[in-house]
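Here's the structure, in structure tokens; my notes come after.
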Amino acid sequence: MIETINKKIELFITNIDGINQDSTKIILDKSNTSISEDLNKGHLTTNVCMIAASILKLNPKELAKKLEKTLNKLDLFKSVQAAGPGFINITLHKKDFIAVLYNIVKQKGEFGKSNIGAGKKVQIEFVSANPTGPLHVGHGRGAAYGDAIGRILQATGTDVEKEYYINDAGRQIDILTASVIIKIIQKDLDNFFPQNAYKGGYIESIGEEFISNNKIKYDSYNSITYDLSSDPEEEIDQIILNLKKLDSVIWNEVKSFSLSSIIHSIKNDLKDFKVNFDNWFDESSLGKLSDNSSEISNSITKLIEDGKAYEKDGAIWLNTESSGDDKHRVLVRDDGRATYFASDVAYHKNKLDRGYDDLINIWGADHHGYIKRIEASIEALGSKKERLIVKLVQFANLFKNGKKVKMSTRSGEFFTLRELIEDIGADAARFYYLSKQADQHLDFDLDLAKSDSKENIFYYIQYAHARIFSLEQKFKEMNPSLDINLYAVEKDLYKECDALIHEITKYPEVVKRSARTLQPHLIIFYLRDLSQLFHSYYNDNHVLSESNENMQSIVFCLSAVRQTISNGLDILGISPMQKM
RNA sequence: GCGCCUGUAGCUCAGCUGGAUAGAGCAACUGCCUUCUAAGCAGUGGGUCAGGAGUUCGAAUCUCUUCAGGCGCGCCA
């Protein structure tokens, strides 16, 4: 219907006296015909007259009057009215208005999906937490957000791949390994434990699990702790060296055991959070600098050959300033070790080479200073930096019993994602993570998420869904021979559902906008509005005591509402409830 | 100091590529359960959209500036 109207509008604009092609194009691009906010403003609204007036220096109200006349003559609509500063409000014939309901019956779970992203291939990399401990509630937000974005883009026809980058190489894994070993032999070291080692209870569990099937036997435990630096950073590095020297076989066994144990538990947590990845990419697969044919060596060699990277003070630097970074960045340290940045450059090169149109990276907001240098590296590698879209996710503060839950990764005190799932359930957790724009601080109230008040939007929406579901069942039981149809609504004999129908027609646009802006919270707010309209309707109208004819229409409409809620929740990875 | 983000009702937040009287929920006050789930509904009060200037027929939205808050600025990861 909107396309039909737009064609008529285009005709009208082209016929304005003295207009040229350029202005026509600008007006049509900038103007917008859309579903009106509410029924007081008709079914559809266009602002084209105001846009045209501003460009052509005309009076918007007069122009609107003319368009009103033109559209009314067509006899396509029930009524067309110029209103306010120059809007055109269009009221459709009932059969056009309710067409969306037939669509929903036909499309069911597909209602709201589109193909505006068809032909596009996008990769989303998210979570990518270091495998040095369990996922905590901070990671949960990135997980919920990334997964929702993936689903939303898929709903617009985009080809989406979701990937987790596992930092399984580098110093932090050495620290993990050392932490586990020291924990195992701690008693023989007078309970010595390095300041910068990981302290969480999971370290002890991994150690216990390891020695239940293996043995650690060192000739001299004490040699590990000889002459240690008082600087915590140096201390842990010395211990790592000592342990490797003492027994490299044991070191490697503990390392791979610890890694696989943690990665396994991360995968499990994400599975229970209903987040699925298409790829798990190991940092270690990029190879080592010492290997000339490894990806990490190749990417650095290419940068040097292309004149983007250079040697200075014994280190290899990348010129990132040309892309707006404030200083050049080191790729290879003067001691020959690669930096974390070097791995990331190689990883992004790998992703670029895989041929995606867009790369979406979802990072913690504390990494925003890192964006420029990655963009710079992408340009240095010969790609457009616009291919990379970085979305930042702010930390979530947890509140329990009205108090903020303290968290500190270093001390091993944190609220894990698993605890959150066990406390309020994966669906409620996902919902609240997505209930606010990702790049803003979120206060996550655990008590609210479990409360049975209207303030708990999660249940408010679920409640609407469950009420309709139950109503449909009752209708079937009481009237087994009655089918559902839209006769009463179409003939305007029953109008109480109109506001609901009008709200439903907005849904496909909400999904599109959510995809365009990568903002899942738009869907949540839409679902709340739709639920609110439903609860209001439900309170004022006793469905099952209506006439058969009315009931047949009402159940038809309400089923469509339920389907829309269900689709909206599904796109966020949340299961609708049939009973509460 | 530089960079990024934020400032909308007492509180928590929506507000679309600038558009119609700036919206919800909570809290406060008032009503609605012999009928389909009261985890619900209806109503009342509450705003210099942080301040100022500019662009525009029109600004919470765009630009500049001031103020306030958060975060980031390693040959760490």
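Letters A, B, ... are given to chains in the order of the sequence lines, protein chains preceding strands, and every chain is numbered from 1.
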Could you list the protein-to-nucleotides 1-8 of chain B atom pairs, N/O on both sides, closer than 3.5 Å?
residue: G3(B); atom: N2; partner: His368(A); partner atom: NE2; Å: 2.6

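Under the Watson-Crick or G-U wobble criterion, with both distances below 3.5 Å, C73(B) is paired with G1(B). The partner of U63(B), taking Watson-Crick or G-U wobble pairs whose two distances both stay under 3.5 Å, is A53(B).
Atom CD1 of Ile149(A) and atom NZ of Lys391(A) lie 7.0 Å apart (nearest 0.5 Å).
Among the protein residues, His535(A) comes within range of the sugar-phosphate backbone only, with heavy atoms under 4.0 Å from sugar or phosphate atoms but none that close to a base. In this structure, Phe475(A) reaches neither bases nor backbone, as no heavy-atom distance under 4.0 Å exists between it and the strands shown. Looking at heavy-atom distances under 4.0 Å, Ser545(A) makes no contact with the nucleic acid at all. Within the nucleic acid shown, Asn541(A) comes within 4.0 Å of at least one base atom, counting heavy atoms only.
C16(B) and A22(B) have their P atoms separated by 15 Å, with the value rounded to a whole Å. Taking atom C1' on both nucleotides, G15(B) is separated from U21(B) by 15 Å, rounded to a whole Å. Atom name P, nucleotides G69(B) and C57(B): the rounded distance is 38 Å, in whole Å.
Ser230(A) places none of its side-chain heavy atoms less than 4.5 Å from the side chain of Glu235(A).
Phe87(A) does not qualify as a stacking partner of the G19(B) base, lacking a centre-to-centre distance under 5.5 Å together with planes within 30°.
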* To do: Mark up nucleotides 21-29 of chain B, 5' to 3', with B wherever a protein heavy atom is under 4.0 angstrom from a base atom, S wherever such an atom reaches only the sugar-phosphate, and - elsewhere.
  => ---SSS---
